[in-house]
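Worksheet for the structure shown next.
The basis for the numbers below is simple: all heavy atoms, side chains too, and nothing from hydrogens, waters or symmetry mates. The sequence lines fix the lettering, A, B, ..., with proteins before strands; numbering per chain opens at 1.
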Protein chains: 2
Amino acid sequence: MEIQGLPGRLLDELGPAIAAGEIPEGAVLRSEDLEERFGVSRTVVREAVRILEGMRMVASRRRVGITVQPKSGWDVFDPLVIRWRLAGADRPAQLRSLGSLRVAVEPAAAALAAVHASDDDRRELSALAVELTVSARAADLATFLRHDIAFHATVLKASGNEMFAHLGDTVGAVLTGRTEYHLMPHQPEPYAIRLHREVADAICSGDAVHAEQAMRTIVTGALEELNQQLG
Amino acid sequence: MEIQGLPGRLLDELGPAIAAGEIPEGAVLRSEDLEERFGVSRTVVREAVRILEGMRMVASRRRVGITVQPKSGWDVFDPLVIRWRLAGADRPAQLRSLGSLRVAVEPAAAALAAVHASDDDRRELSALAVELTVSARAADLATFLRHDIAFHATVLKASGNEMFAHLGDTVGAVLTGRTEYHLMPHQPEPYAIRLHREVADAICSGDAVHAEQAMRTIVTGALEELNQQLG
DNA sequence: CACAGTCCAAAAGTATGACGATTTGGTTTC
DNA sequence: GAAACCAAATCGTCATACTTTTGGACTGTG
């Protein structure tokens, strides 16, 4: 997942700093400064900058330097950008954006999954729904989170749409971020758990309408809760 | 939009070739070969490869080389990846994926736009709906396409959700690709045009339910038509 | 024959010096 | 005051040398 080597280390410094606004839009960096500041060679700086450029977070111009681009141009779907924004000052906005995206995508994915899921997918969903119930009842938030992430990722994958499938990690990041955010709220609501079972059952029995509906209830509920938390 | 310089040129060669499967999954490239083949220096090859690595299309390992990663890992939301796939053998699959994504996202965006759109957004939507009607009636497919793209991009932007907004270009690519694909079908259907006006009107009057519904009709219609075309 | 440990060479990773290209901003000139 | 010009700054590219990792061959042993 990570970019490796020295350029990766540079990215881990620059990316979050830019995402958090510590290095603000319009700021100009110079390669040579970066070389000194991080004690690496031009090669390394250039490659790291190239990657940031690929994410449209910076642009490099002769005689000018490396300028931080406006947020509106960033590749907001890039997993690294999402992670960096979730880690910094943009966290609330990022969670809101992702919440809306979930509301749009996950019900559709559930409906598709009811039609396209493989037998393995269906089995896994059933199993996860059960484990979800167990860990919720045991108030074991850590494993609950793990299963919750797996559940949603599996639905997205089972939809058969590669683009939906790729949102699995992103949704995972949201759930993790959310859990950290309201600092482990107590026990997951029994109603939400029941809805997850409903989704699993509906997908297993090929009931697209019901799967979509139940999933929509889950994600809109999550979004409302989020908006409440964030004020 | 483009990556510039020699690395950009390299990308324009390698990216499409990988996306089209000409360089298949698992294939191994060596930096030195690429240097010779394209007549560029190490620096340039490395930076281009770094960018591809950022898109998760290749992975570079010591003593092994640069290996093409399985498609399932690619950053399928990266605009360049989308463009490359649309240009090559993956075009049908890519259009289908994007079609489903549109069905999920655009109705939600329309609903949000009805609530959050600025006055400017609403004005622009009205204007675009009119121009859409005009160019459709004149059977001017080129300008129709332009306005259609602008219309959908504006709705996405007006939703106030940055992630939705960023799908504007992507949707534009779909519409362009679709138009090229069935080779300019004849005249756009009057019913679809009317739906666009309905979306605009609903957003202008703040009617989220109606906006969502009309938009859903548009995109599901487009998806069905697409599936019909692709068999 | 099977297995484990050792060693080597191949390839990417990093560093560095030199030069080229381009943009900017000031300076000169008319 | 405006236009043309020049010079400095900075990225872009190249060539080269050195470092690090690691896959696989080789070797020896049980």
B:L11 CG to D:dG12 C1', in whole Å, measures 16 Å

How would you list all residue pairs meeting side chain to side chain donor-acceptor pair (under 3.5 Å) that involve residues 70-79 of chain A, not counting sequence neighbours? A:K71-A:D90

Rounding to a whole Å, what distance do you find between B:L6:CG and C:dT22:P? 11 Å

Test your reading of the model: is there a side-chain donor-acceptor pair from A:R91 to the backbone of A:G177, 3.5 Å cut-off? yes

Whole-Å distance, B:R46 CZ to C:dA15 P, equals 11 Å

Residues A:F77 and A:I82: closest non-hydrogen pair is O-CD1, 3.9 Å

Under 4.0 Å protein heavy-atom contact, by nucleotide of nucleotides 16-25 of chain D - B base, S sugar-phosphate only: -B--BSBB--

Figure out the CD/P separation between A:E47 and C:dG13, and round it to whole Å. 8 Å

Whole Å only: how far is the CG atom of B:L52 from the P atom of C:dA12? 14 Å

Round to the nearest Å and state the distance from B:Q4 atom CD to D:dG12 atom P. 7 Å

Side-chain donor/acceptor of A:R85 to backbone N/O of A:R83, under 3.5 Å: no

Under the rule for side chain to side chain donor-acceptor pair (under 3.5 Å), what residues qualify as partners of A:T143, not counting sequence neighbours? A:D140

Result block: side-chain N/O donor-acceptor pairs under 3.5 angstrom for residues 58-70 of chain A, not counting sequence neighbours:
residue : atom : partner : partner atom : Å
A:T67   : OG1  : A:A59   : O            : 3.4
A:T67   : OG1  : A:Q69   : OE1          : 3.3

For A:N161 and A:H116, test the side chains for any donor-to-acceptor distance below 3.5 angstrom and give the result as yes or no. no

Atom pairs under 3.5 Å, N or O on each side, protein against nucleotides 4-6 of chain D: can you list them with distances?
none

With a cut-off of 6.0 Å (strictly less than), are more than 12 heavy atoms of other residues, nucleotides or ligands near CD of A:Q229? yes

For A:L10 and C:dA15, give me the distance from atom CG to atom C1', rounded to whole Å. 14 Å

Main-chain N/O of B:A117 paired with B:R122 side-chain donor or acceptor, under 3.5 Å: yes

Is B:R37 reaching over with its side chain to a backbone N or O of B:E35, donor-acceptor style, under 3.5 angstrom? no

B:R96 atom CZ, over 12 foreign heavy atoms within 6.0 Å: yes

What is the separation between atom CZ on B:R9 and atom C1' on D:dC14, rounded to the nearest whole Å? 15 Å

Is the phosphate of C:dT14 approached by B:R50 (side-chain N or O, under 4.0 Å from OP1 or OP2)? yes

Just to be sure I understand the rule, does B:S60 reach a base, reach only the sugar-phosphate, or reach nothing, if contact means heavy atoms closer than 4.0 Å? sugar-phosphate

Which ones in residues 22-39 of chain B lie close to DNA chain D, meaning a heavy atom under 4.0 Å from one of its atoms? none

